[in-house]
Amino acid sequence: MASKARDLSNFISTAAIDASEIGTGAITTDKIADTTITHAKLHTTMDLSGKTVTLPTINALDVTNNINVGGTVDGVDIQALNTTAGDALPKAGGAMTGGITSTSDITVGNAYISSGYSQFANLRVPNNGYIGTPTTVNALQIQSNGNIALTGTVTATSFTGSGAALTGVRDTTGGRKNWIINGDFQISQRGAYSSATSITSSSVYYLDRFKSKYNNISGTTVRQTNQTVNGKVTNTMMLTATAGSNGRVESLQMIEDEVFNGQTVTVSAWVISNSASARLIIHQNGANIQTSSNAHTGGGAYELLKATVTCASNAGQLHIYTGIQAAATGNVSIANGDYFKMGFLQLELGSVATDFEHRSYGEELALCQRYFYNPLYNLGGSRGSFNIDYLVSSGNNGWISFTVPFPVSMRANSTFSHSLTPAKFLGSAAPADGADKFSFYIQNQGYAGLAGNGSIANLSGGGMTHGIVGTYYVSPSSTSASHIFIGNGCTFQFDAEL
Amino acid sequence: MDYENIESAKYTFENESIFCVIGGANPVSVSVPVNTGNADYNKLMEMVADGDLAIAEAV
């Protein structure tokens with residue numbers, strides 16, 4: 001029987017060929033690759049069911065038209081896959097115009113939303129979905145009501161919006177936050193204290209609103225201007241021990257308002273000291289509880305001292321102690337020359353020591369004048385001038401009285417102090433700058449004498465909204481007088497301190 | 001007010017004020033209102049209670 005084997009190199013058939021009649025290796029890839037075998041010469045379909053098609057490892061499938069896949073494409077690196085608009089996945093660096101739907105995690109290196117494009121885009125998460133690290137902390141939650149819940153810290157260069165609905169912000173940013181008056185030591189109506197001034201073992205007011213004392217030692221206080229504290233220029237108050245022992249030097253400001261029950265408050269100041277017992281203390285006068293700040297290191301440089309306490313329900317008035325002292329305001333080991341100097345003293349609501357609230361000189365002066373008023377302080381001239389009522393008698397029963405207007409109502413009915421005595425009377429001149437003298441003046445006419453067998457030292461009075469002072473058996477010697485001039489070197493003041 | 005240097009104290013103005021003469025380095029005359037809102041008055045009353053001060057009656 002003759003073999004069916006034949007050379008098919010020139011074979012042309014228009015009918016179907018039974019593949020069983022084609023021997024192994026009869027059709028070579030060289031022939032299939034022949035460019036003369038076009039699509040038109042092949043059958044429109046080729047059933048390769050159950051067959052294995054082995055393709056080259058390089059450029060295995062090079063198709064210029066679509067590939068329709070009814071099933072799954074698996075195990076494919078799609079980074080070079082390009083899609084047309086509306087398709088799901090772009091090649092690397094391409095644009096995706098469709099969406100991604102996945103029930104599993106999608107891991108990406110960096111995700112950009114409309115980066116480099118002008119159109120808006122949205123990142124949507126499900127209601128109450130999280131953005132964060134799933135296995136550790138979900139930093140951001142977008143809640144179903146539109147709220148955002150953060151578990152971390154928001155750091156930003158600015159925020160916009162009215163902030164009308166914000167809550168809990170006052171503690172750190174609100175205005176008029178400093179309950180300390182004269183916390184930058186601008187006001188000193190009782191004296192300049194520009195050089196070291198001896199203090200006593202009794203608490204005495206020196207700078208406005210601060211009274212100071214020592215215990216079991218001796219000490220001085222001084223107010224210094226133009227001091228650089230924490231990079232800012234301000235005034236400071238300094239206490240210095242001038243003897244060593246177990247003792248303390250301290251200043252105290254009592255806060256008039258009693259609104260701190262149950263409130264959290266923080267006191268802070270920049271302090272320079274050579275003592276490791278320099279500190280600030282919040283004393284709750286009603287509850288008798290003391291809270292100390294961190295102690296200064298004693299290193300001789302400015303350090304921020306601060307203390308925070310949630311006050312008791314019966315805290316009452318707060319007293320702020322500053323100086324070299326024990327944590328509960330008692331004595332400590334203190335050496336001659338130990339000093340405490342502070343700037344920017346502040347007491348505020350909340351648990352954060354925020355930047356110092358600066359108030360203008362006028363504001364601070366008015367606040368201080370509620371507690372103490374010196375009509376001769378910084379008055380821009382050598383004397384205070386007051387219109388007098390008087391009665392001149394031929395005998396010795398004349399009298400004078402005059403009104404001293406107060407710039408603000410004082411806290412309470414005030415104590416009136418003065419240094420006037422008959423020996424300080426000037427008969428024919430106005431007191432010079434700095435003089436502890438006084439005189440009577442007649443408008444456009446000159447000066448009057450002093451009459452009566454009484455003493456101007458008995459001048460007395462006081463007031464709350466204004467001061468009225470006067471005395472008996474003392475009057476101008478003339479039958480008329482309009483003014484009393486009081487030199488700015490005199491003591492002449494009204495005190496309603498706590 | 002320098003309580004440690006009070007030289008004399010007396011009621012004045014129909015007992016509405018206490019007039020004090022203060023000595024020491026800075027002698028002054030002081031009128032203290034009889035009012036518990038005034039801290040000086042409270043201190044003077046404390047000194048009286050402790051026997052450290054006598055206030056003369058008004059004349």
Side-chain angles (χ1 to χ4, degrees), chain A residues 190-191 197-206 209 211 213 252 254 256 317 370-372 374 401 404 409-424 436 454-464 467-472 474 489-498, chain B:
Chain A
R190 294 172 179 84
T197 302
S198 294
I199 59 177
T200 70
S201 58
S202 299
S203 270
V204 174
Y205 283 95
Y206 298 91
R209 298 261 47 229
K211 56 182 181 180
K213 73 171 188 178
L252 164 65
M254 295 183 284
E256 178 183 356
Q317 199 175 67
R370 173 174 170 77
Y371 304 91
F372 184 87
N374 176 4
S401 71
V404 179
S409 292
M410 301 197 75
R411 183 193 66 82
N413 205 348
S414 58
T415 298
F416 169 58
S417 302
H418 71 90
S419 61
L420 305 183
T421 66
K424 297 177 181 178
D436 185 8
S455 172
I456 192 73
N458 292 328
L459 190 71
S460 61
M464 188 165 174
I468 296 180
V469 300
T471 189
Y472 203 49
V474 171
C490 295
T491 295
F492 192 85
Q493 57 199 24
F494 298 84
D495 191 338
E497 263 293 359
L498 290 164
Chain B
M1 181 174 175
D2 184 1
Y3 306 111
E4 295 179 351
N5 288 297
I6 296 176
E7 295 181 347
S8 66
K10 65 178 180 180
Y11 284 98
T12 60
F13 285 115
E14 299 180 342
N15 294 327
E16 291 184 355
S17 179
I18 300 170
F19 185 78
C20 301
V21 175
I22 309 294
N26 299 298
V28 290
S29 301
V30 178
S31 301
V32 178
V34 176
N35 187 317
T36 56
N38 183 287
D40 291 321
Y41 173 73
N42 293 333
K43 177 64 177 178
L44 293 182
M45 292 300 100
E46 183 181 314
M47 294 174 69
V48 170
D50 292 343
D52 296 330
L53 178 69
I55 303 175
E57 297 297 323
V59 294

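Predicted, not measured: the structure shown is a model, and the values here were computed from it.
Neither the backbone nor the side chain of A:Thr421 has a heavy atom closer than 4.5 Å to any heavy atom of chain B. Within the 4.5 angstrom heavy-atom criterion, no atom of A:Ala496 approaches chain B. Heavy atoms closer than 4.5 Å to chain B are found in the side chain of A:Thr491, but not in its backbone. Contacts of B:Glu4 with chain A are made by side-chain atoms alone, with heavy-atom separations under 4.5 Å and no backbone atom involved.
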| message | Working note: B:Tyr11 + B:Ile55, criterion side-chain contact (heavy atoms from CB on, under 4.5 Å); need CA distance, chi angles, decisive distance, verdict. | response | CA-CA 7 Å; B:Tyr11 284 98; B:Ile55 303 175; 3.3 Å; yes
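At a cut-off of 3.5 Å, with distance as the only test, no side-chain donor of A:Asp495 or A:Ser417 sits close to an acceptor on the other residue.
Checked by atom type and distance alone, the side chain of B:Asn5 never pairs as donor or acceptor with a backbone atom of B:Ile22 at under 3.5 Å. The main-chain N or O of A:Lys211 is never found under 3.5 Å from a side-chain atom of A:Ser203 such that the two would form a donor-acceptor pair.
Highest contact tally toward chain A, considering only B:Val28, B:Asp40, B:Asn35, is held by B:Val28 [criterion: heavy-atom pairs under 4.5 Å]. Interface check for chain B: of the options A:Ser414, A:Ala412, A:Gly463, the most heavy-atom pairs under 4.5 Å are formed by A:Ser414.
Salt bridge present: A:Arg209 and A:Glu497 bring a charged side-chain N and a carboxylate O closer than 4.0 Å.
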